[in-house]
Each structure stands twice: as structure tokens, then as C-alpha cells.
Colleague: 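Would you mind keeping the following structure in view while I ask a few things?
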Protein chains: 2
Amino acid sequence: MKINAQQLLKEKNIRITANRILILESFLKSSYSLSIADIEESLPWADRATIFRTLMTFKEKALLHTIKDDDKALKYALCSDACQVNHHHIHPHFHCDICSKTYCLTQYEFPTPDLPENFKASNYSLIINGICSNCQ
Amino acid sequence: MKINAQQLLKEKNIRITANRILILESFLKSSYSLSIADIEESLPWADRATIFRTLMTFKEKALLHTIKDDDKALKYALCSDACQVNHHHIHPHFHCDICSKTYCLTQYEFPTPDLPENFKASNYSLIINGICSNCQ
DNA sequence: TATTATATGCAATCTAATTGCAAATGAGAA
DNA sequence: TTCTCATTTGCAATTAGATTGCATATAATA
Ligand SMILES: [Mn+2]
Ligand SMILES: [Mn+2]
Ligand SMILES: [Zn+2]
Ligand SMILES: [Zn+2]
């Protein structure tokens, strides 16, 4: 974990608390996205509502983005630098049908299709389902 | 509504009932996808559980597919002929941030990105957010 | 150290989805 | 046409995840 959670919070003008540091560290450590339940599991003493509101805050401050995959619970993942300013660096997400983990494929920008007359796009979300390298 | 609901059910080996005919007709008439709540609204006498199980059945029989857009409720839409056999004819979906309607863009097949080593894709789901032609 | 806006914990609520079960019904057999 | 039985339906109850209210605790800064 090269990046310092505390540092990151300060940069984003997010008030530093124990909860927030630990929740942010969970994301910095993880190679895949996390649901509220995932975080509850790794931080059993933490309160669900607090986790929820922390994730809300992180999302508002463009520290996290959300992913709706085939699972019931919403997943959260760190924003890359490119995410931060505007959402023009769009990356796909890969959801493994076996282990159910969802990965940000930040390296794999994708081309966007044309649209019907008078439809204007502002954002894209591509979810790829399949089997991840760990589950082959 | 050129296509006959009853006919369609028979072709798919789905037992014909009043509920199913009317629910299927809702989809045949609609230019955008529908949630359970949408159907409850247009068929006020119908039971939520019945609608739910009907949609399950329709999905299993490849009459409908589902779409997770930014709204809370899951949306359902008719499968095109191409959907039916295998899911290789992938089309994007457009979700309007104003009216909240979600359209199947069956005309607009999209290119798929490369994947990391040892990741195998089996399905793709692209949701485009923006403003639809009605809301411009 | 005092002040104050903000974050937290806990319980309650909300929403959409999902299930159990007994009664009703569709489709094929007789 | 009527009978039979697997399937579907309606209703009520439950689940799962997200979200909120409110009193208390705490971080930031003066
Ligand atoms: Mn991502
Ligand atoms: Mn579609
Ligand atoms: Zn996997
Ligand atoms: Zn619209």
C-alpha cells in the first residue's frame, strides 16, 4: 500500500477519522471492488450506517465510483486519477461468474457506439461477465 | 402491435394465461424497458408476485432480458430474435437521466475491449447514460 | 483549551425482491 | 365434453440491502 490513506483524505478535503482511514485502506489494499457487506466483514466492529455514509462521502468527493454487477449489493471501487476530474476516461468492469469478484479494468479503455438521432451521451458503463484468471 | 402475444407464448412453450398475455402485450407495446412497478401501474389488478414470477419465466425462456440502470428497480425488455439463441448479438442500453426511461439500442452493436491475460468473457452489458430525444 | 460543524452509533424505516402455501386454472387424456 | 394433474395464481409474510432520524461523540481550527 504505497499511497497513504490519511494523505489522500486530506487532499480530498475529507475530515480524517479512524473509520474513514480504515475503510479507505480496505480499498487501497483490495484488487477488486467491495460491497458494504464486504467492508462490514473486514471491519466487524464498524457500523453499517457509518460505512454507508462514508462510501457516500467518498463517492461525492470522487474517491470512489460504484458498479452494478449481477450481484444484489452495489460495489464500490477506487477512482483512478483519470476518473477524478471528469468521467471521460471510461474503463470496463469485469465480473467473474465463479468468484463473484468485480475488477476495474482501468488499463482497457473501450470504444463507444454511435447513438440514435438526438440522443446525447454523458457517461458509459460496461460490465463484462465471464471467468477471471483466478477461477480458470 | 403486429406480433401476437398468444402466438409468441405458444412458440416459447409457455403456458398461456390472461396474466401472461397482458404482461407480454405491455412489452410489445412499449418502446422502452419496464420495471415490475411499471407493470403494476399499467395492470393495477395484477399481483406483484405473479408479475415477478411471470417475468422470471419470460426471462428463463429468453423472451425477456434484464437491465440494471441507475434506477433502483430492475428493468425488463423484450429479447430480439438475435438474443434468442445465444447472447452474441450484444446491444447497448440507453438510460435517460431526465425521464429515467431505458431503451434497447438493438441497432447499435458495440465493439468489445481486450481483456487481461486469462480472463474469458461470456457476456457484455453496456449502459449509456445521457439525455434521450424526447427530453432534449 | 473552547467552540462548532461534522461524523458516528444504534435503532428504526424503506424499497424492491422473493417465498410459502392453499386455491384456481390450463392443457392434454379419456 | 369432462376429468386429471401439473402449473399458475393470489395473498400474506419475509428477506435483503439501502437509507434515515436523532442524540452523542469527535475532528478541526481559533
Ligand atoms: Mn472501476
Ligand atoms: Mn435490451
Ligand atoms: Zn473469479
Ligand atoms: Zn428522456
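In what follows, chains are A, B, ... by sequence order, proteins preceding strands, each numbered from 1.
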Colleague: Regarding B/Ala49, tell me which of base, sugar-phosphate or nothing describes its non-hydrogen contacts under 4.0 Å with the strands shown.
Modeller: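 It contacts base atoms.
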Colleague: Measure CG/A/Asp70 against C1'/D/dG17 and give the value in whole Å, please.
Modeller: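 It works out to 17 Å between those atoms.
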Colleague: How many Å lie between CD1 on A/Ile51 and C1' on D/dT20, as a whole number?
Modeller: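 Checked: the CD1 to C1' distance equals 16 Å.
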Colleague: Calculate the interatomic distance between A/Lys75 atom NZ and D/dA18 atom C1'; express it in whole Å.
Modeller: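 That distance rounds to 16 Å.
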Colleague: Measuring from A/Lys61:NZ to A/Asn13:CG, what's the distance to the nearest 0.5 Å?
Modeller: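 Reported to 0.5 Å precision, the distance equals 6.0 Å.
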Colleague: Output the rounded distance in Å from CG (B/Leu55) to C1' (D/dT9).
Modeller: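 After rounding, the reported distance stands at 14 Å.
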Colleague: From the list C/dT19, C/dA17, D/dT19, which nucleotide is the closest neighbour of the side chain of A/Arg48?
Modeller: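 Between C/dT19, C/dA17, D/dT19, the one nearest the side chain of A/Arg48 would be D/dT19.
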Colleague: For the side chain of A/Arg53, starting at C-beta, report the closest nucleotide among D/dT19, C/dG9, D/dG10.
Modeller: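 Among D/dT19, C/dG9, D/dG10, the one nearest the side chain of A/Arg53 is C/dG9.
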Colleague: Please list, by residue number, the residues of residues 14-24 of chain B whose heavy atoms come closer than 4.0 Å to an atom of DNA chain D; answer none if no residue qualifies.
Modeller: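 Those residues are B/Arg15, B/Thr17, B/Asn19, B/Arg20.
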Colleague: OG1 of A/Thr106 to CG of A/Leu78: how many Å apart, nearest 0.5 Å?
Modeller: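 Between atom OG1 of A/Thr106 and atom CG of A/Leu78 there are 10.5 Å.
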Colleague: Considering non-hydrogen atoms only, spot the tightest contact between B/Tyr103 and B/Ser31 and give its length.
Modeller: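 That would be CD2-O, 3.4 Å.
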Colleague: Return yes if some donor-acceptor pair links the side-chain N/O of B/His91 with the main-chain N/O of B/Gln107 below 3.5 Å, else return no.
Modeller: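 Side chain of B/His91 to backbone of B/Gln107, a donor-acceptor pair under 3.5 Å: no, none is there.
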Colleague: If we count only N and O atoms by modelled type, under 3.5 Å, do the side chains of B/Thr50 and B/Asn19 hold a donor and an acceptor together?
Modeller: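 Absent: no donor and acceptor within the cut-off.
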Colleague: Whether the side chain of A/Gln6 engages the backbone of A/Ile21 through a donor-acceptor N/O pair (distance < 3.5 Å, no angle test) should be reported.
Modeller: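 Absent.
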Colleague: Atom CZ of A/Phe52 and atom C1' of D/dA18: how far apart are they, to the nearest Å?
Modeller: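 Result: 6 Å.
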Colleague: To the nearest Å, give me how far apart NZ (A/Lys68) and P (C/dA16) are.
Modeller: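 Going from NZ in A/Lys68 over to P in C/dA16 covers 11 Å.
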Colleague: Taking atom P of D/dG17 as reference, at what distance in whole Å does atom CD1 of A/Ile39 sit?
Modeller: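 Going from A/Ile39 (CD1) to D/dG17 (P), I get 14 Å.
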Colleague: Please figure out whether A/Ile36 or B/Thr50 has its closest DNA chain D nucleotide nearer the 5' end.
Modeller: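 Its nearest nucleotide lies further toward 5', so the answer is B/Thr50.
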Colleague: Let me know the distance between CG of A/Asp47 and P of D/dT24, rounded to the nearest Å.
Modeller: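 One finds 17 Å between P of D/dT24 and CG of A/Asp47, rounded.
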Colleague: Between OH of A/Tyr76 and CG of A/Leu64, what distance do you get to the nearest 0.5 Å?
Modeller: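 Reported to 0.5 Å precision, the distance equals 8.5 Å.
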